[in-house]
Amino acid sequence: MQQAKDTKTQTFTAILHWEEDVYVAEYPEVGTASQGETIEEAIKIIHNLRIENLKPRSPLTPLFKGQDLKSPI
């Protein structure tokens with residue numbers, strides 16, 4: 001996918017861990033965290049939180065697709 005010349009791409013490190021009964025996703029660079037019943041849900045929520053906080057300044061482009069993520073068995 002080609003980026004428009006006037007947009008900037010930002011990359012964040014997602015740290016995931018299990019805490020009691022939920023998955024927690026954190027973006028330590030910006031101090032954002034979320035939780036979900038699955039890894040995919042936690043990442044989706046944190047990603048959407050970042051997008052909402054960045055609008056309209058800079059869109060984020062996900063580097064993964066939700067279906068590519070696997071929950072531990």
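Because the structure is a prediction, the values reported are computed rather than measured.
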Review point. Going by distance alone, is a donor N or O of one side chain under 3.5 Å from an acceptor N or O of the other, for Thr32 and Glu26?
Key: no
Output for pair (Ile39 CD1, Trp18 CH2), nearest 0.5 Å, gives 9.5 Å
dist Ser34:OG -> Tyr27:OH (nearest 0.5 Å) comes out at 8.0 Å
Between Ile15 and Pro28 the two heavy atoms that sit nearest each other are CD1-CG, 3.7 Å
Rounded to the nearest 0.5 Å, the CD atom of Glu41 sits from the OH atom of Tyr23 at a distance of 11.5 Å
Sorted by chain and number, sequence neighbours left out, side-chain hydrogen bond (donor to acceptor under 3.5 Å, both in side chains) with Glu20 holds for none
Taken to the nearest 0.5 Å, the spacing of Asn48 CG from Ile43 CD1 works out to 12.0 Å
For Ala42 and Ala25, the nearest pair of non-hydrogen atoms, with its separation, is O-CB, 3.8 Å
Value for CD (Gln35) from NE2 (His17), rounded to nearest 0.5 Å, stands at 9.5 Å
